[in-house]
Amino acid sequence: MVMGTLDKLAILADGAKYDVSCASSGVEKKNKGGIGNSKAFGICHTWSADGRCVSLLKILMTNYCIYNCTYCVNRNQNDIPRASFTPREIADLAIGFYRRNYIEGLFLSSGIEHSPNKTMERIYQVLDILRNEYHFFGYIHVKVIPGADPVLVKKTGLLADRMSVNIEQPSEQSLKLLAPQKSLPAVLAPMNQISDHILQNASERRLYRHAQKNKFVPAGQSTQMIVGASNDSDRVIVKASEALYQRFQLKRVYYSAYIPVNDSPLLPALTTAPPLLREHRLYQADWLMRFYQFQADEIVDERTPFLETDFDPKISWAFRNMHLFPMEINRASYEELLRVPGIGLISAQRIISQRRVAAISYDHLKKIGVSLKRARYFITCQGHYYGAIPVEAGLIRRALAPVQKPVQLTLF
Amino acid sequence: MIDYLYDGSFDGLLTAVYASYYEEKAQGIFPQAAYQNNFFVPSRTVETDLVKAEKVYHAIERKISDLSLKHIFYTYLSNEANKETKILNYLQLGFKLGRQIDDLHAQPEVLPIRQTARKVSFEAERFLGLLRFKDTGSFLYAVLEPDHHILILLADHFADRLAQERFIIHDRKRGLAVVSNCQDWYITDFPEEIGFTYSEQEKDYQELWRLYFSQISIENRKNKKLQTQFVPHRYRRHLTEFTTGYSDKNIN
């Protein structure tokens, strides 16, 4: 093998790993005479040593970059090894990996070499080889290069399954501070374009049978925010996500705990640990908005701009709304059940489904999959309350507080 | 009451269910090969009868539901002890209640079937990702040793995905393989470990994949416990990224 490929892969996989998204879900495609297909539920192929799922070959076209964003490992002023792949090298690598079932598809991102347009054009070339030469029907996620010509974005989107533009920071001020060469409007413009194309393409396809052969990004668009590089509160982040979901119909917002890669007075010190618990709580909050019908204001109101670290956001919400509890399992609506700590989507559905046939006893709840450790303080079952302590936020908090790890006393 | 013994096939199992309704009522159903004789319960071996099996199959579909049929088939594929008797108990309740049985998740006849079917379908979905092919030059070859008999659940997926490739997926634990020749696929005995030779290019791709796999992990977020939860050690010996060199040697 040309050793060049190994060296380039080492550099360009390393530069891509801070992008969180790895989803290969959201689109169902059959193989129509080439190689590959896609499953709507998405398929993970392995898990790396940090426990993150590996689904796509996540790689940079190049890590040369004309920009100098403070938080980014590939920024212009960093003295790191640089490399670029040709479009054909990437396409061949993707197919070689795909045939062996290492991956579900490709996630292609890039530093900005020469200009946004040049970079976007090369990304398009990769997709053109994969789709039109190899007839590849697997999953492709591409990063949109902010500032690239909308025509390029559109023709790339007709070959991709998902597109994403990273907003990086949840507020205009922090973006200005940390990425002075980027601006919020420049990030939002392609997002807006993608969401318009998706809607337009969908309605054209509904109206005219032969309107457009390809679907425009059928798996939708996503974005990513770095958490902990700026001073924004969780409320600012959750509100920003809600606005993105509503305004651009995003499929996902990803949160990435900031890992200090650069030394700068504007950033947390290099020794700062990535705020992993905060990231986890934000994902839980995000889940509440996408699947549990919560509003951002319910999760983080003005008086509590940060999510609690000791409790998940759903139980935090319940503590602030004790007047709604306890809820009777045999009477509560599906929407109400979703609000009970310890009841998830599947157990709520099972409760509703069993209730059509038979009443639910406390004994059934465990088999249905309800986490009674939390739920028992918030429900009654056939009129009985099983919490054993009064339904008061303070008392339940104490009962559920995480156990402090005992500290070993030293002898000397 | 009698114990029925069957040949291990799904049709055989359904024939035993048929016998329990039209001949003597069954106490339990067991695979003939693993049956322990019991002095208190008489036993009889049923001859697999495709006509009777089909009748039961369609009766489940029509009088209970597609969902129940799927759960029963997945349970049959599992390595769970006494799965046949659990299926029998489920069907006895199902033919009484009809479609309603799908709503009774917590029922003692239903819960074990649901849980087992879930395990099987979880493992099958996991192997859609965890299977690794090696290119022998004329076909692709993959080995796995799954807990449950999931080969049949993998075949359609890979036959569509790799429609223009010939491939073999070998379940080493059960001595069976899916063989696909671009037109269609079949399951066949595959008892021997056949030593294939691989091209230089195959070794290069394995090397590239191992490199990629180690590069993509973020040091500051290292979490081996989480990784083990997703990729249990028993699956790792056939995963290119967890093995070193080309001799399939285990590094764990």
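Reminder, nothing fancy here: chain letters follow the sequence lines and each chain counts from 1.
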Worksheet item: What's the spacing between A:D50 CG and B:N220 CG if we round to 0.5 Å?
Response: 9.5 Å

Discussion item. Under a 4.5 Å cutoff for heavy-atom pairs, which residue among B:L239, B:T240, B:D135 has the most contacts with chain A?
Written reply: B:D135

Worksheet item: Are the side chains of A:N101 and B:F167 in touch, meaning some heavy atoms are under 4.5 Å apart?
Response: no

Response to the item:
Note: vs chain A, highest number of non-hydrogen pairs under 4.5 angstrom among B:E125, B:Q201, B:R132 is B:R132

Practice prompt. Go through the steps to decide whether A:R99 and B:E202 satisfy the test salt bridge (Lys or Arg N to Asp or Glu O under 4.0 Å), and finish with yes or no.
Written response: CA-CA 11 Å; A:R99 285 181 70 226; B:E202 173 57 35; over 6 Å; no

Worksheet item: Say you draw a straight line from CZ of B:R210 to CG of A:L6; how long is it, rounded to the nearest 0.5 Å?
Response: 11.5 Å

Fill in: Atom group of B:I218 that falls short of 4.5 Å from chain A, counting heavy atoms
both

Worksheet item: About how many Å separate OH of B:Y212 and CD1 of A:I103, when rounded to the nearest 0.5 Å?
Response: 8.0 Å

Worksheet item: What part of B:S214 is in contact with chain A, defined as an atom under 4.5 angstrom from a non-hydrogen atom: side chain, backbone, both or neither?
Response: neither

Worksheet item: Of the non-hydrogen atoms in A:R356 and B:D103, which two are nearest, and what is the gap between them?
Response: NH2-OD1, 3.4 Å

Worksheet item: Among B:D160, B:L111, B:L226, who wins on heavy-atom pairs under 4.5 Å with chain A?
Response: B:D160

Fill in: Over all atoms of both residues, closest heavy-atom pair of B:A106 and A:Q354
CB-OE1, 3.8 Å

Worksheet item: Side chain, backbone, both or neither: which part of A:L276 has a non-hydrogen atom closer than 4.5 Å to chain B?
Response: side chain

Worksheet item: Side chain, backbone, both or neither: which part of B:F158 has an atom under 4.5 Å from a heavy atom of chain A?
Response: side chain

Worksheet item: Of the backbone (N, CA, C, O) and the side chain (C-beta and beyond), which part of A:I352 lies under 4.5 Å from a heavy atom of chain B, both, or neither?
Response: neither

Discussion item. Only pairs of heavy atoms separated by less than 4.5 Å count here; which of B:Q115, B:K222, B:Q164 has the most with chain A?
Written reply: B:Q164

Worksheet item: Checking A:E279 against chain B: side chain, backbone, both or neither under 4.5 Å from a heavy atom?
Response: side chain

Worksheet item: Is it the side chain or the backbone of B:I216 that comes within 4.5 Å of chain A heavy atoms, both, or neither?
Response: both

Discussion item. Counting only non-hydrogen atoms closer than 4.5 Å, does A:A273 touch chain B with its backbone (N, CA, C, O), its side chain (CB onward), both, or neither?
Written reply: neither

Worksheet item: Among residues 23-32 of chain A, which ones touch chain B with a heavy-atom distance under 4.5 Å?
Response: A:K30, A:N31

Response to the item:
Contacts of A:Y334 meeting ring-ring contact (aromatic ring centres under 6.0 Å, His included) (sequence neighbours excluded), chain-then-number -> none

Worksheet item: Taking atom CG of B:L104 and atom NZ of A:K367, what is their separation to the nearest 0.5 Å?
Response: 12.0 Å

Worksheet item: For the atom pair NE2 (B:H105) and OG (A:S347), what is the distance rounded to the nearest 0.5 Å?
Response: 9.5 Å

Worksheet entry | Heavy-atom pair with the smallest gap, counting every atom of B:L208 and A:L9 | O-CD2, 3.3 Å

Discussion item. Less than 4.5 Å to any heavy atom of chain A: does that hold for the side chain of B:E165, its backbone, both, or neither?
Written reply: side chain

Worksheet item: So which of B:K224, B:E219, B:K225, B:H157 has the biggest tally of heavy-atom pairs under 4.5 Å with chain A?
Response: B:H157

Worksheet item: What part of A:F137 gets closer than 4.5 Å to chain B, counting heavy atoms only: side chain, backbone, both or neither?
Response: neither

Worksheet item: How are the rings of A:F97 and B:Y205 set relative to one another: parallel (under 30°), tilted (30 to 60°) or perpendicular (over 60°)?
Response: perpendicular

